[in-house]
Amino acid sequence: MTDREWVVFDLETTGLSSEWDHIIQIAAVRMRAGRVCGSESFFSYVDPGRSIPSWITQYTGVGDRDVRGAPRVDRMLADFSAWVGTSTLVAHNGHRFDMRFLQAGCVRHGLATRPVTYHDSMWLSRLLWPQPRLRHGLDAVLERLRLTSATARRHDARGDVELLGRAVESMAEQLSRRSEPWELRSAEGVLPGS
DNA sequence: GCTAGGCAGGAACCCCTCCTCCCCT
């Protein structure tokens with residue numbers, strides 16, 4: 001499963017609804033052969049074209065001043081798509097959150113799209129720890145893996161993607177050591193392209 | 001539009017429908 005290149009990414013947005021809300025920050029790291037390539041990262045603020053709600057600034061640390069002059073979502077998505085190339089995307093709760101925002105951005109701007117394969121790192125967590133009633137949120141996963149960082153700021157895309165990259169690395173390594181067969185679920189989303 | 005939207009997964013029940021909880025910002 002780790003023979004393909006993976007791009008682990010995280011979005012910060014103005015809220016939870018891909019219909020009503022907008023991306024304000026994206027960060028990503030590339031993984032090769034199951035290892036995060038520290039030198040290969042992607043980061044951008046995104047101008048949502050409207051004021052960022054104060055509770056979102058409190059939550060993420062991202063305010064109007066940060067996104068002023070930043071690319072709009074259509075430009076960011078095009079740049080991100082070029083950077084991703086043929087890699088498989090990975091995001092935490094990406095199936096229900098991040099991938100929907102990527103799709104919504106493409107639809108909103110009428111961008112031609114290409115298919116992109118993705119995994120949800122929550123699926124990795126459920127595969128590794130299938131016990132019922134176990135939580136699989138990022139905080140719970142980080143706690144089980146005993147992953148902390150003195151520098152990574154949670155709820156900033158750069159901080160979250162640093163921690164998520166290490167979590168994905170660790171979970172993939174633990175799964176690869178298993179003797180019994182297993183299969184990681186994948187799905188198809190979209191990025192700009194043709 | 002604003003602290004909220006919507007899906008996944010389980011239960012009950014027989015193949016969909018309903019319910020509850022999770023998880024992201």
Side-chain angles (χ1 to χ4, degrees), chain A residues 6-29 42-68 70-73 76-77 80 88-108 116-145 147 149 152-168 170-171 182-191:
Chain A
W6 286 2
V7 164
V8 179
F9 78 104
D10 183 62
L11 302 178
E12 303 304 319
T13 69
T14 58
L16 295 177
S17 169
S18 58
E19 183 180 354
W20 293 103
D21 295 310
H22 300 266
I23 300 170
I24 54 176
Q25 203 186 37
I26 180 171
V29 291
F42 182 95
F43 172 75
S44 182
Y45 284 109
V46 182
D47 181 355
R50 64 197 60 206
S51 281
I52 297 173
S54 58
W55 69 87
I56 292 295
T57 298
Q58 283 185 336
Y59 184 76
T60 63
V62 181
D64 290 330
R65 278 185 301 181
D66 299 305
V67 300
R68 192 170 298 137
R72 301 294 282 255
V73 71
M76 178 281 286
L77 287 173
F80 182 59
T88 295
L89 294 178
V90 182
H92 203 71
N93 201 32
H95 184 58
R96 289 190 282 184
F97 189 79
D98 304 76
M99 295 307 302
R100 291 176 188 277
F101 272 90
L102 297 186
Q103 180 168 30
C106 292
V107 169
R108 199 172 284 150
V116 59
T117 304
Y118 68 89
H119 301 301
D120 189 326
S121 44
M122 278 179 58
W123 300 338
L124 268 170
S125 176
R126 288 203 179 98
L127 206 53
L128 192 59
W129 299 291
Q131 298 88 333
R133 294 184 297 280
L134 201 62
R135 290 185 174 272
H136 297 277
L138 185 55
D139 284 322
V141 169
L142 294 174
E143 192 177 330
R144 279 199 290 276
L145 294 170
L147 286 177
S149 169
R153 184 191 185 284
R154 281 286 277 121
H155 308 301
D156 177 291
R158 288 161 294 193
D160 281 355
V161 92
E162 178 195 324
L163 288 163
L164 179 58
R166 289 167 56 196
V168 168
S170 176
M171 289 190 287
W182 53 272
E183 188 173 356
L184 177 59
R185 179 180 170 191
S186 64
E188 202 164 83
V190 296
L191 277 175

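Computation of the quantities below employed the complete heavy-atom set of this structure, encompassing side-chain atoms and omitting hydrogens, waters and symmetry-equivalent molecules. Quick note on labels: first sequence line is chain A, next is B, and so on, each numbered from 1.
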Student: Watson-Crick or G-U wobble partner for dT3(B), using a 3.5 Å limit on both distances?
Tutor: none
Student: Expressed as a whole number of angstroms, how long is the span from Trp20(A):CH2 to dG5(B):C1'?
Tutor: 11 Å
Student: For the CD atom on Glu188(A), are there more than 12 heavy atoms of other groups (residues, nucleotides or ligands in this structure) within a distance under 6.0 Å?
Tutor: yes
Student: Using whole Å, what does the distance between atom P of nucleotide dG5(B) and atom CG of Leu11(A) come to?
Tutor: 20 Å
Student: Would you please say whether a donor-acceptor pair under 3.5 Å links the side chains of Thr14(A) and His22(A)?
Tutor: no
Student: Report the residue (His22(A) or Trp123(A)) whose heavy-atom-nearest nucleotide on DNA chain B is the more 5′ of the two.
Tutor: His22(A)
Student: Looking at side-chain heavy atoms only, is the closest gap between Glu12(A) and Ile56(A) below 4.5 Å?
Tutor: no
Student: Nearest heavy atom decides the nucleotide; on that basis, is Ser17(A) or Thr13(A) closer to the 5' end of DNA chain B?
Tutor: Ser17(A)
Student: Looking only at atom C1', what distance separates dC2(B) and dC13(B), rounded to whole Å?
Tutor: 39 Å
Student: Taking dT3(B) as the reference, what is the distance to dC18(B) when you measure between their C1' atoms (whole Å, please)?
Tutor: 26 Å
Student: Taking the P atom in each of dG1(B) and dG6(B), what is the distance between them to the nearest angstrom?
Tutor: 15 Å
Student: Just checking Asp156(A): base, sugar-phosphate only, or nothing, at a heavy-atom cut-off of under 4.0 Å?
Tutor: nothing
Student: Among the nucleotides dC7(B), dG5(B), dC2(B), which one has an atom lying closest to any side-chain atom of Pro53(A)?
Tutor: dC2(B)
Student: How many angstroms lie between CZ in Phe80(A) and CD1 in Ile23(A), if you round to the nearest 0.5 Å?
Tutor: 9.5 Å
Student: What distance, rounded to whole Å, do you find between the two P atoms, one in dC23(B) and one in dG10(B)?
Tutor: 13 Å
Student: How long is the line joining NE2 of His95(A) and P of dC22(B), in whole Å?
Tutor: 18 Å
Student: With a cut-off of less than 4.0 Å, is there a side-chain N or O of Arg135(A) near OP1 or OP2 of dC23(B)?
Tutor: yes
Student: If you compare every side-chain N and O of His136(A) against the phosphate oxygens of dC22(B) (OP1, OP2), does one of them come in below 4.0 Å?
Tutor: no
Student: For a quick check of understanding: with a heavy-atom distance under 4.0 Å over all strands, which category does Gly137(A) fall into, base, sugar-phosphate or nothing?
Tutor: sugar-phosphate
Student: dC15(B) and dA11(B): how far apart are their C1' atoms, nearest whole angstrom?
Tutor: 13 Å
Student: Assess the side chains of Arg144(A) and Ser125(A): does a donor N or O sit below 3.5 Å from an acceptor N or O?
Tutor: yes
Student: Round to a whole Å and report the spacing from CE of Met99(A) to P of dA8(B).
Tutor: 14 Å
Student: Find the distance Phe101(A):CZ to dC7(B):C1' and express it as a whole number of Å.
Tutor: 14 Å
Student: Return the nearest nucleotide to the side chain of Arg96(A); candidates are dA8(B), dT3(B), dT25(B).
Tutor: dA8(B)
Student: Using the C1' atom as the reference point in each nucleotide, state the distance between dC16(B) and dA12(B) in Å, no decimals.
Tutor: 11 Å
Student: Output the rounded distance in Å from CG (Leu138(A)) to P (dC22(B)).
Tutor: 16 Å
Student: Which part of the nucleic acid does Asp98(A) contact within heavy-atom distance under 4.0 Å: base, sugar-phosphate only, or nothing?
Tutor: nothing
Student: Report yes if the side chains of Leu163(A) and Arg154(A) come closer than 4.5 Å at any heavy-atom pair, otherwise no.
Tutor: yes
Student: Under 4.0 Å between any heavy atoms, over every strand shown, what does Asp120(A) touch: base, sugar-phosphate, or nothing? Just pick one.
Tutor: nothing
Student: Could you tell me the separation between the CZ atom of Arg185(A) and the P atom of dC7(B), rounded to a whole number of Å?
Tutor: 14 Å
Student: Considering only atom C1', compute the distance from dC22(B) to dG9(B) and round it to an integer number of Å.
Tutor: 10 Å
Student: Check each of His95(A), His92(A), His136(A) against Trp123(A) using the ring pair (Phe, Tyr, Trp, His ring centres under 6.0 Å) test, and report the only one that passes.
Tutor: His95(A)
Student: Is dC13(B) paired to anything, Watson-Crick or G-U wobble with both distances less than 3.5 Å, and if yes, which nucleotide?
Tutor: none
Student: Would you please confirm or rule out a distance under 4.0 Å between OP1 or OP2 of dG1(B) and any side-chain N or O of Arg50(A)?
Tutor: no
Student: Within this structure, what is the CG-to-P distance between Asn93(A) and dT25(B), rounded to whole angstrom?
Tutor: 8 Å
Student: Taking the same atom, P, in dT17(B) and in dA4(B), what whole-Å distance lies between them?
Tutor: 29 Å
